[in-house]
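Letters go in sequence order (proteins before strands), and every chain restarts at 1.
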Amino acid sequence: MELSTRYSPAEFENDVYERWLASGGFTPSAKRDGTKKPFVIMIPPPNVTGVLHMGHALNGTIQDVIIRHRRMQGFDALWLPGTDHAGIATQAVVERKLYEDEKKTRNDLGRDAFLARVWAWKEEHGSYILQQYRRLGASCDWSRTRFTMEPHMTRAVRESFVRLFDKGLVYRGARLVNWDCVLQTAISDDEIEYVSKKDKLYELRYPVKGREDEFVTVATTRPETMLGDTGVAVNPGDARYAHLHGATLVLPIVGREIPLVLDDTVETDFGTGAVKVTPGHDPADYERGLRHKLPIVNLYEKDGRLNENGGPFAGLPREKARDAVIKKLEELGLLGKVEDYTHNVAISDRSKSIIEPLVSEQWFVKMKPLAEPAIRAAKSGRLKFRPERWEKVYLDWLENVHDWCISRQLWWGHQIPVWYDEDNVPVASRTDLAIGSKHPQTGKPIVRRDEDVLDTWASSWLWPFATIGWPDKTEDLARFYPTQFLSTAREIIYLWVARMVMAGYEFLDHLPEDQRCPFDVVNVHATVLDPKGRRMSKSAGNGVDPIELIDKYGADATRYSLILLTKEGQDVKLAADRIEQGFRFTNKLWNAARFALMNVAGKATQDPTLTGAQLRLEDRWILSRLERARREATSALDEYRLNEAATLLYKFVWNDLCDWYLEMAKPRLSNEDDPSGAVARGTLVRVLADTLALLHPFTPYVTEVLWKTLHETTGGDAPMLMNARWPDGRGLSIDEAAEGEMQVLQDVVGAVRQVRNLTSLGERQPLQARIAAPRAAECAILTRHLPTMRALAFLSECDVSEKAERPKASAVAVSGGIEVVVLLGESVDLGKLKDVLQRRAEKVKAGIAAIDSKLGNAAFVERADPEVVAEERARRDELVLELSMLERNLAGF
RNA sequence: GGGCGAUUGACUCAGCGGUAGAGUGCCUCCCUUACAUGGAGGAAGUCGGGGGUUCGAAUCCCUCAUCGCCCACCA
């Protein structure tokens, strides 16, 4: 196969993905294979309504890097994909479409017809986001793709609900819930967000019963709720109201008599120190109402309009009611000061409408008992968070957990499996109960099923085990639970992660305790921000579409950039130029491989691990560097430090392999007569093969293509890289001697380059370099490698002579304690050269002074690590040597 | 009101107790037959301010400032 000169990922990515799929490597068998251990990641199921955004792209990349690495390490690697039915979000999408297309509401269609529409929508659009994951290169087992509304999940959800119901952990109660007036459903505390809103703070005056002209003034931002007031509270210690303790007030407009109560929670220094109490529509007032046994007045219909309790304002929506109430109070002379006021208001995550707290009948789960094992899991270290700080966030929530309102007044979702008899006695059942059949406990006829559906999280908290068969005892469940790694966004630590842990402990009771925890490690990934540091969001329109990046740069480049850019868990601003880094890297890799293959094709190669003595310094060096990179990358990946692994491989490929080894090997490769060519080719093949394997988790497409070409070129038959073994370093070792010698050569070349750069200021002339290495050891190295030095001549356009005589006119450079003297004509800019040398001399002097002050410090010499002290001394010696050479040369000007 | 993060060259970020790093951008040179999506060299940082611990601090502690997230019933 010919590789094109241009790296153009679009030409091969789709084909490669098809080959991966065909290989079956994404799909592990549930059958136990004695030699393989499972490694499992459950994808955080994206909403079926979702479109891939940067967060998904980053998280998808993280999971894919890890699963591919584990697969290559020989684990039975399963990455299970799927989507979430996302009750509210999906229903809202379909309702909106229905209204736009046909001007109908869901009520016009009726429940069954509407649900048919939702399913139709899901069939048409539901796999879109998973297709996008494929573009990224995600090696998910698509044969195990799950959906939280599929029939099996319904069974799992019912099983879990019935178990909790039978244990008394589910209860029905009237509670103040967050009501979304647009979607007309209750939503949980975790689904609301707070936004700052400019409002007004109104003072209202309530007449005191039986006392002419005496009033209690309350402050409120929501004057319309006064219609539902059933009390006014003041702080018991507030002297201003001491004379009114026990008084009764008369609620204006309504005329209701309401008591003045004493409550510690009232702040004396806010507003007037008197709080109107509306237990039906304010969470704090609800609590106060309970404490003082105040009645609850519900003011609203489900759509947010005032009901009959609104008196003269019944039927008005909330905003209009506010204006009307204010106007009326003004007429009555009971409106006090009105001030501008900025405060936080709760809005629905989904509809973005202002939440109206109201009292209604809902189903709740008792969370305290479920939270206990989840708390233990983290505290005992069974469950680990990365970065660790998120453990605290997780624990804080669990330790203060509130009961979970799980009923939603929606149609799209798992309908609550509860039936009622004629006396309204509920029963939960795994199977449908027919209307008219007998209630299992009371024996009375069943008259209806609960209309509500369950919160979406009541199905997704079962994700780690329901997706592989639970409640059935399947082979998959036995093989793949618990999982090892979960990577997710921080926003859903409470919503999802904590609940999955609870569910694992609660429902997997056939397993020993430590086997119930659904994962070993929870990775909380970075948030990708826009270039200004703001969250990317659809509404702000500041998102960057990862698919556009993939189109432009390829999936590999996008993946590599994301990993290079984001240290785990640390937010990052997405900078366009930083995305280019990944692209440049993949291009570099492509061309390096192309060069290697061009030189290897049809020629003899010798395995460098078998030809010991014939290895040149650069061969030994690159093999040593490869082994170092392999060890470091492996341990970084084993510990999920992806950014470190990617950075280190980047440096190995670019700075070691391309900048040095390929350049040094060129003469050997191009010269047909050079007997060491076969060794160089063998080295190149070995290094390239291992490098492709090490990079494969990060850049799977390009490495797969190059791997195939490499094996075609060398005539070998190889499995796909995806299914190949992770490099084990066979035949390689860390060669400290080779690395040390190579460092000397690199220093010399550095010095030569410096000089060469100076000469290019004038006319270019052939140069002759002489190297003056003042230390015996370095002289020996240089002498031994003079052929190599000549090979490097292309870099400096100079010959390297063995003698170290000082010429009269010369350009000089010093690097790493080695002096390079270059004979040249008048082309060198002597003024500039002197400048460079002087500046360098200054730096060296400063360096020496710094070390002297350190070494002169007795405390340092005594207390510091002896190795550190020795290093300082050695460093000083080098600097002194360099300074003497610099000064000698400067004296010549 | 609590909690957590961030603050390192022009920009985006690594480093987290012992000689200040990378990519981009900028300046000088080079189309050297893998790559100009490239190569060589260079300028550029009192590591947010102030205290402290230490022989030594970008790195640990305290404090302040700015920005950003999360949690919280101030009407």
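Base pairing in RNA chain B yields stems of at least 3 consecutive Watson-Crick or G-U pairs, both distances under 3.5 Å, namely B:1-7 with B:65-71, B:10-13 with B:21-24, B:26-30 with B:38-42, B:48-52 with B:60-64.
Distances were taken from every side-chain heavy atom of A/Asn587 (C-beta onward) to each of B/A34, B/U37, B/G18; the shortest belongs to B/U37. For A/Phe583, the side-chain atoms get nearest to B/U37 when compared with the rest of B/G15, B/U37, B/G18. Comparing B/A40, B/A34, B/G3 against the side chain of A/Asp659 picks out B/A40 as the nearest. Of the candidates B/A14, B/G18, B/A34, the closest approach to any side-chain atom of A/Lys854 belongs to B/G18. Looking at the side chain of A/Phe595, the nearest of the listed nucleotides B/A34, B/G18, B/C73 is B/A34. Nearest nucleotide to the A/Arg389 side chain, out of B/A75, B/C4, B/A34: B/C4.
Across the P atoms, B/U19 and B/A34 are found 39 Å apart, a figure rounded to whole Å. Atom name C1', nucleotides B/G68 and B/G56: the rounded distance is 34 Å, in whole Å. With P as the reference atom, B/G2 and B/C64 are 11 Å apart, rounded to whole Å. Across the C1' atoms, B/U32 and B/G39 are found 8 Å apart, a figure rounded to whole Å. Between B/C11 and B/A44, the distance separating the two C1' atoms is 13 Å to the nearest Å.
Looking only at distances, no side-chain donor or acceptor of A/Asp238 sits under 3.5 Å from a matching main-chain atom of A/Val234. A donor-acceptor pair under 3.5 Å links the side-chain atoms of A/Asp403 to the main chain of A/Met367, judged by distance alone. A distance-only check finds a donor-acceptor pair linking the side chain of A/Asp556 to the backbone of A/Val702 [under 3.5 Å].
Here A/Val861 lies out of heavy-atom contact (under 4.0 Å) with every strand. Residue-level contact check: A/Lys573 touches the backbone only, with heavy atoms under 4.0 Å from sugar-phosphate atoms and none from bases. The residue A/Glu644 sits apart from the nucleic acid: no heavy atom pair falls under 4.0 Å. Among the atoms of the strands shown, none is found under 4.0 Å from any heavy atom of A/Arg222.
Remark: A/Lys392 is not in phosphate contact with B/C71, judged by side-chain N or O atoms under 4.0 Å from OP1 or OP2. Put simply, A/Trp590 has no side-chain N or O that comes within less than 4.0 Å of OP1 or OP2 on B/G38. Applying the 4.0 Å criterion to OP1 and OP2 of B/G39, one finds that A/Lys588 has a side-chain N or O inside that range.
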- Query: Which nucleotides of nucleotides 20-27 of chain B have their base under 4.0 Å from a protein heavy atom (B), which only their sugar-phosphate (S), and which neither (-), written as one string 5' to 3'?
  - Reply: ---BS---
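If you take OH on A/Tyr650 and CG on A/Leu564, they are separated by 7.5 Å, rounding to the nearest 0.5 Å.
For the pair A/Asn591 CG and B/U37 P, the computed distance is 11 Å after rounding to whole Å. Note: CD (A/Glu867) to C1' (B/U19) measures 16 Å, nearest angstrom. Counting to the nearest Å, the C1' atom of B/A34 and the CG atom of A/Leu684 are 11 Å from each other. B/U8 atom C1' lies 13 Å from atom NZ of A/Lys567, rounded to whole Å. At whole-Å resolution of the value, CG in A/Asn599 and P in B/C35 are 12 Å apart. The nearest whole Å value for the distance from the OH atom in A/Tyr661 to the P atom in B/C35 is 19 Å. Straight-line distance from the OH atom of A/Tyr494 to the P atom of B/C70: 9 Å, rounded to whole Å. Rounded to an integer number of Å, the gap from A/Tyr553 OH to B/U37 P is 13 Å.
Contact of A/Gln570 with B/A14 (side chain to base): no donor-acceptor pair of N or O atoms is detected under 3.5 Å.
Shown here for A/Glu872 and A/Lys854, the closest heavy-atom pair between the two residues is OE2-NZ, 3.1 Å. Residues A/Gly554 and A/Pro9 come closest through the heavy atom pair CA-CG, 3.6 Å. A/Leu883 and A/Ala841 get closest at one heavy-atom pair: CD1-O, 4.0 Å. Among all heavy-atom pairs drawn from A/Val653 and A/Leu589, the shortest one is CG1-CD1, 4.3 Å. Heavy-atom minimum distance, A/Gly228 versus A/Pro279: O-CD, 4.2 Å.
Annotation for A/Lys603: atom NZ counts as buried by contact number, over 12 foreign heavy atoms lying within 6.0 Å.
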- Are A/Tyr206 and A/Asp229 close enough, and set up right, to give a side-chain contact (heavy atoms from CB on, under 4.5 Å), and what steps lead you there? CA-CA 11 Å; A/Tyr206 292 179; A/Asp229 285 2; 2.6 Å; yes
